[in-house]
Amino acid sequence: MVPPVQVSPLIKFTRYSALLVGMIYGKKRYDYLKPIAEEERRIEAEEKKKREELERIAKELAEGSSSV
């Protein structure tokens, strides 16, 4: 087995700096996208309610016309 190699402090610093920058970027990106996604979910829920109401009305009309 080969003994561990001494890693340059510059490489260590660069790796951890990139990790930190990536975490900061991810947090900013998440904070930017979160309200957009919430709005999309809200709109989708409203459309679903409307669609279900139309389906219910259509079903009632179909049942009403078949019994007449």
Side-chain angles (χ1 to χ4, degrees):
M1 183 133 249
V2 179
V5 178
Q6 199 54 277
V7 179
S8 165
L10 178 62
I11 293 174
K12 284 183 180 180
F13 174 76
T14 305
R15 288 177 64 193
Y16 283 104
S17 296
L19 176 64
L20 184 62
V21 167
M23 290 171 61
I24 292 169
Y25 170 77
K27 174 69 172 137
K28 287 182 135 190
R29 182 74 176 159
Y30 176 78
D31 290 341
Y32 170 76
L33 292 175
K34 186 176 179 181
I36 296 170
E38 288 175 352
E39 180 67 17
E40 289 175 353
R41 282 192 295 271
R42 185 188 63 77
I43 291 170
E44 182 64 32
E46 289 174 1
E47 290 174 354
K48 183 179 179 183
K49 283 182 185 179
K50 290 178 185 176
R51 190 171 48 247
E52 289 173 349
E53 182 66 20
L54 290 174
E55 289 173 359
R56 184 187 64 78
I57 292 170
K59 184 178 177 183
E60 288 177 0
L61 289 175
E63 290 175 357
S65 64
S66 66
S67 63
V68 171

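For this chain, numbers begin at 1 and follow the sequence in order.
The stretch residues 27-37 participates, sequence neighbours left out, in these salt bridge (Lys or Arg N to Asp or Glu O under 4.0 Å) pairs: Lys27-Asp31.
When the side-chain contact (heavy atoms from CB on, under 4.5 Å) test is applied to Lys59, the partners found at least two apart in sequence or on another chain are Glu63. Applying the salt bridge (Lys or Arg N to Asp or Glu O under 4.0 Å) test to Glu47 and every residue at least two apart in sequence or in another chain returns nothing. Remark: Glu38 engages no residue in a salt bridge (Lys or Arg N to Asp or Glu O under 4.0 Å) (not counting sequence neighbours). Legend: residues meeting salt bridge (Lys or Arg N to Asp or Glu O under 4.0 Å) with Glu40, ordered by chain and number and at least two apart, are absent.
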Would you be so kind as to tabulate the donor-acceptor pairs closer than 3.5 Å made by side chains of residues 4-26, with sequence neighbours excluded?
| residue | atom | partner | partner atom | Å |
| --- | --- | --- | --- | --- |
| Ser8 | OG | Leu10 | N | 3.2 |
| Thr14 | OG1 | Leu10 | O | 2.7 |
| Ser17 | OG | Phe13 | O | 2.8 |

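Glu53 is not listed as a side-chain neighbour of Lys49, based on a closest heavy-atom distance of 4.5 Å or more.
Rounding to the nearest 0.5 Å places NZ of Lys48 at 5.0 Å from CD of Glu52.
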